[in-house]
Amino acid sequence: MRYVIAYASTAVVFLGLDFVWLSLMGDRLYRATLQDVLRPGFDAPPALIFYALFVAGVVIFAVSPALTSGRLSTAATYGALFGFFCYATYDLTSQATVRNWTWTLSLIDMTWGAILTATAASAGFLITRALHA
C-alpha cells in the first residue's frame with residue numbers, strides 16, 4: 001500500500017505542476033522556438049505512457065530511497081538528479097537532431113525537469129510518510 005500512495009501522490013503533484021508549466025510556457029517557449037515541427041495539439045497516448053513510466057522512475061529512484069532513509073533531502077536530491085538526467089537525455093538528443101532546438105530551450109527544460117522532479121519526489125515522500133505511518 002505504501003508504494004501505491006507514493007505513486008499516486010507523486011503522480012498528482014508531477015502532473016499538476018507540469019500542466020501549469022506547459023500551460024504557461026507551451027506557446028512562449030516551446031512553440032515559439034520549435035514552430036513548424038510541433039503538432040497543433042498533442043498525441044495523448046505517448047504522453048500518458050511517458051507520465052506513467054516517468055513517475056514510476058521517480059518513485060523507484062527518489063521516493064523509495066527517501067522512505068528507506070526517512071530523509072526529505074534524499075527525495076529532493078535524488079529527484080533533482082533523476083529529473084535532470086532524464087530531461088538532459090531528451091533535450092540534448094533533440095538539440096543534436098532537431099533543426100530549431102536551441103541551447104536556451106535545453107537549459108530551461110533541463111532546469112525545469114530537475115525542479116519539477118525534486119518537488120514531486122519530495123511531495124510524494126511527505127504525503128506517503130504522513131498517510132502510511
Side-chain angles (χ1 to χ4, degrees):
M1 187 60 167
R2 178 165 99 158
Y3 290 102
V4 171
I5 295 168
Y7 187 90
S9 59
T10 302
V12 167
V13 172
F14 190 91
L15 291 166
L17 291 175
D18 207 34
F19 175 80
V20 170
W21 171 261
L22 292 172
S23 295
L24 295 173
M25 300 303 291
D27 286 339
R28 290 182 196 157
L29 178 64
Y30 301 99
R31 191 158 304 281
T33 303
L34 300 173
Q35 301 164 9
D36 61 328
V37 299
L38 292 180
R39 295 174 185 259
F42 74 99
D43 189 3
L48 295 173
I49 292 168
F50 161 75
Y51 283 118
L53 292 172
F54 192 86
V55 170
V58 176
V59 171
I60 292 166
F61 295 112
V63 178
S64 181
L67 291 169
T68 300
S69 73
R71 298 177 59 185
L72 177 61
S73 62
T74 301
T77 301
Y78 286 12
L81 290 170
F82 182 74
F84 175 79
F85 290 130
C86 289
Y87 276 62
T89 300
Y90 172 77
D91 289 316
L92 297 174
T93 300
S94 294
Q95 188 172 343
T97 59
V98 176
R99 174 177 23 94
N100 297 359
W101 207 277
T102 65
W103 276 107
T104 300
L105 182 56
S106 289
L107 294 173
I108 290 170
D109 203 53
M110 289 185 295
T111 302
W112 171 244
I115 292 167
L116 170 62
T117 310
T119 303
S122 296
F125 164 73
L126 291 171
I127 293 167
T128 303
R129 188 175 66 178
L131 295 179
H132 194 271

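This is a predicted model, so every value here is computed, not measured. The first residue in the sequence is number 1, and the count goes up from there.
Nearest heavy-atom pair across Val13 and Ala123 is CG2-CB, 3.7 Å. Of all heavy-atom pairs between Gln95 and Ser106, the closest is OE1-OG, 2.7 Å. Taking each heavy atom of Ala62 and Ala121 in turn, the nearest pair found is CB-CB, 3.8 Å. Closest approach of Thr93 to Thr97, counting heavy atoms only: O-OG1, 2.9 Å. Among all heavy-atom pairs drawn from Ala6 and Thr128, the shortest one is CA-OG1, 3.0 Å.
Here the CE atom belonging to Met110 is positioned 4.5 Å from the CG atom belonging to Leu107, to the nearest 0.5 angstrom. Here CZ of Phe84 is found 14.5 Å from CG of Leu116. Values are rounded to the nearest 0.5 Å. Atom OG1 of Thr33 and atom CD of Gln35 lie 7.5 Å apart (nearest 0.5 Å).
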Q.
side-chain contact (heavy atoms from CB on, under 4.5 Å) for Trp21 and Leu29? Distances and angles first, verdict last.
A. CA-CA 10 Å; Trp21 171 261; Leu29 178 64; 4.3 Å; yes
Q. Between Trp101 and Asp91, is a side-chain contact (heavy atoms from CB on, under 4.5 Å) present by the stated rule, with each step listed?
A. CA-CA 8 Å; Trp101 207 277; Asp91 289 316; 3.1 Å; yes
Q. Run the side-chain contact (heavy atoms from CB on, under 4.5 Å) check on Ile108 and Trp103 step by step: do they pass?
A. CA-CA 8 Å; Ile108 290 170; Trp103 276 107; over 6 Å; no
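No side-chain donor from either of Tyr87 and Thr111 sits under 3.5 Å from a side-chain acceptor of the other.
Under the 4.5 Å side-chain heavy-atom criterion for grouping Ile, Leu, Val, Met, Phe, Trp and Tyr, Phe61 is connected to Tyr3 within one hydrophobic cluster. Under a hydrophobic-cluster definition in which Ile, Leu, Val, Met, Phe, Trp and Tyr are linked whenever side-chain heavy atoms come within less than 4.5 Å, directly or via other members, Met25 and Leu15 are assigned to the same cluster. Note on Phe19: it does not cluster hydrophobically with Leu17, by side-chain heavy-atom contacts below 4.5 Å among ILVMFWY residues. Grouping the Ile, Leu, Val, Met, Phe, Trp and Tyr side chains by contacts below 4.5 angstrom, directly or via other members, places Leu72 apart from Tyr78.
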Distance-only donor-acceptor hits, side chain of residues 36-59, under 3.5 Å, sequence neighbours excluded:
| unit_1 | atom_1 | unit_2 | atom_2 | d |
| --- | --- | --- | --- | --- |
| Asp36 | OD1 | Asn100 | ND2 | 3.3 |
| Tyr51 | OH | Asp18 | OD2 | 2.5 |

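Partners of Ser9 according to the side-chain hydrogen bond (donor to acceptor under 3.5 Å, both in side chains) rule, which considers only residues two or more places apart in sequence or in another chain, do not exist here. In this structure Tyr7 satisfies the ring pair (Phe, Tyr, Trp, His ring centres under 6.0 Å) test with no other residue, sequence neighbours excluded. Contacts of Ser73 classified as side-chain hydrogen bond (donor to acceptor under 3.5 Å, both in side chains), with partners at least two apart in sequence or in another chain: Arg71. In this view, Asp109 and Tyr30 satisfy the side-chain hydrogen bond (donor to acceptor under 3.5 Å, both in side chains) rule, not counting sequence neighbours. Under the side-chain hydrogen bond (donor to acceptor under 3.5 Å, both in side chains) criterion, Ser69 pairs with Thr74, not counting sequence neighbours.
Under the 4.5 Å side-chain criterion, counting only non-hydrogen atoms from C-beta, Leu105 is in contact with Leu34.
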